[in-house]
There are 2 protein chains.
Amino acid sequence: MSYTNEELMPKSEVIGILRQHQISPTQQRVEIAQILMSKPQHLCAEQVLEIVNQDRPKVSKATVYNTLGLFARKGLVQELIIDPTKVYYDSNTRHHHHFYNVDTGELVDINKEEVDVARLPNLPMGTIPDGVDVVVRVRKAS
Amino acid sequence: MSYTNEELMPKSEVIGILRQHQISPTQQRVEIAQILMSKPQHLCAEQVLEIVNQDRPKVSKATVYNTLGLFARKGLVQELIIDPTKVYYDSNTRHHHHFYNVDTGELVDINKEEVDVARLPNLPMGTIPDGVDVVVRVRKAS
DNA sequence: CTGCTTGCAAAGGCTTTGCAGAACA
DNA sequence: TGTTCTGCAAAGCCTTTGCAAGCAG
C-alpha cells in the first residue's frame, strides 16, 4: 500500500473538515485524516500506522489509536465491528452497508440504495435509533 | 445469573443435539451446551464460564473458549461480532437479527419477519452467500 | 491402545492508559 | 502560563496455544 502526494486531499481541505467536526487540527490528526479522507476505504489502526509513517516516523501508535477513536466519536469516520480480531475504520460516512468475505476478511461497500431494509420493528422502550448496519457475509465459491 | 436444574434441557437431549452436529459429547461439551440450548440467549465466554462453574469447577477457561469456537464452526450456535470488546454466542439458530444498545451493550433479538431485507445486490465475483446480519444500533433516549 | 480432549500456564494480538515532555493558544 | 496533545512503555483484556495428563471409543 503506497500513497503519493497526488492522491491525497490537500492539507488545507483536511483541516477544514476537522474543524467542521470540532476537532482541533494538530499535525498528527491532519496526517491521519488526510489518509482516511482521500478515498473511501476500510483501514484498521495498524494499517493507518503503517501508511502514515511510510516515509518517516510521523505519528506514534498510541496517537493513531487515540485519534481514530476520536474521529469515530466525532463522526468523521465509522467504526466497523465485523472482523472479530480488530476494529476497522470506514472513511465513507455516507450511509451504506458491507460485504464481508469471511475467508479473506475483505470488506466491500454496498450502496444503501442496493439494500432495502423496508420495515423496522419498534425499538426497545426508552431507546432511540443510532443506525442500521447490514453485513452480507460471503465466502469463496467452492 | 442463576440456573436451576428444572430450567435446563435434559442431558440426554443435549447429547442428541451434539451428535446431530457431529460433535462428540464429552462431559464438558454437554455442560456447556446444556446452558446454551436451554433458552435463546447471548452469552460471552466469560459468562458461560461463570454459569457452568457456578456450583463446582466443571470446565476450564481454555475449554470454554475452544468449545464455543467448535460449536460455532459446527453451527450449533452463532458468533455475534457486535460488541467491539468481545464475541457473543447466540444460542438462537433460527435466522434473526439484533438490536444493540451501544450504551449498555444489551442485545435483543429481532424476528426475521420484522425486518425486510428486500433487495440484495449482486455478490462479489467468486463468492457465495454465507448470511445476512442486520444490527439496529440504539441508544438510550436522552 | 490410539487419538481426541482437557487443563494449566504462558504467550499473543489488539487496544488503552499513566505520565512526562512538547506543542499550542 | 495553562491547557491540550503526543509518545513511550507498561498494563489490560480477550483469546489462543503448547504440552503433559486424562478420557473416549
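The sequence lines fix the lettering, A, B, ..., with proteins before strands; numbering per chain opens at 1. From a predicted model like this one, the values you see are computed outputs, not experimental measurements.
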Is B/His97 close to B/Asn111 at the side-chain level, that is, under 4.5 Å between some pair of heavy atoms?
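Side-chain contact under 4.5 Å: no.
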Measure [atom1]/[X] against [atom2]/[N] and give the value in whole Å, please.
X       : N      : atom1 : atom2 : answer
A/Lys58 : D/dC8  : NZ    : C1'   : 20 Å
A/Leu43 : C/dT15 : CG    : P     : 13 Å
B/Phe71 : D/dT15 : CZ    : P     : 17 Å
B/Leu70 : D/dT16 : CG    : P     : 12 Å
A/Leu68 : C/dC14 : CG    : C1'   : 13 Å
B/Lys61 : C/dT5  : NZ    : P     : 22 Å
A/Gln47 : C/dG13 : CD    : C1'   : 15 Å
A/Asp83 : D/dT15 : CG    : C1'   : 14 Å

[X] side-chain N/O to [N] phosphate OP1/OP2 under 4.0 Å:
X       : N      : value
A/Tyr65 : C/dT16 : no
B/Ser24 : D/dA24 : no
B/Gln28 : C/dG7  : yes
B/Ser60 : C/dG7  : yes

Here's a test of your reading of the structure: between A/Ala62 and A/Glu46, which maps to the more 5' nucleotide of DNA chain C?
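The 5'-side residue here is A/Glu46.
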Nearest to the side chain of [X] - [options]?
X       : options               : value
B/Thr26 : D/dC14, C/dT5, C/dG7  : C/dT5
B/Thr67 : D/dG25, C/dT6, D/dT15 : C/dT6
A/Arg29 : D/dC5, C/dG7, C/dT15  : D/dC5
B/Ala45 : D/dT15, D/dG7, C/dG7  : D/dT15
A/Lys86 : C/dT15, C/dT6, C/dA9  : C/dT15

Any donor-acceptor pair under 3.5 Å from B/His21 side chain to B/Arg19 backbone:
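Looks like no, no N/O pair under 3.5 Å.
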For A/Asp103, look at atom CG and say whether over 12 heavy atoms of other residues, nucleotides or ligands are found less than 6.0 Å away.
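Count over threshold, so yes.
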A quick test of your reading: do over 12 heavy atoms of other residues, nucleotides or ligands sit less than 6.0 Å from NZ of A/Lys11?
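Yes, enclosed.
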Between A/Thr63 and B/Tyr89, name the one whose nearest nucleotide on DNA chain D is closer to the 5' end.
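Nearer the 5' end of the strand: A/Thr63.
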Start with the C-alpha distance between A/Thr67 and A/Ile23, add both sets of side-chain angles, then the distance that settles side chain to side chain contact (heavy atoms under 4.5 Å, CB included), and finish with yes or no.
CA-CA 10 Å; A/Thr67 300; A/Ile23 299 168; over 6 Å; no
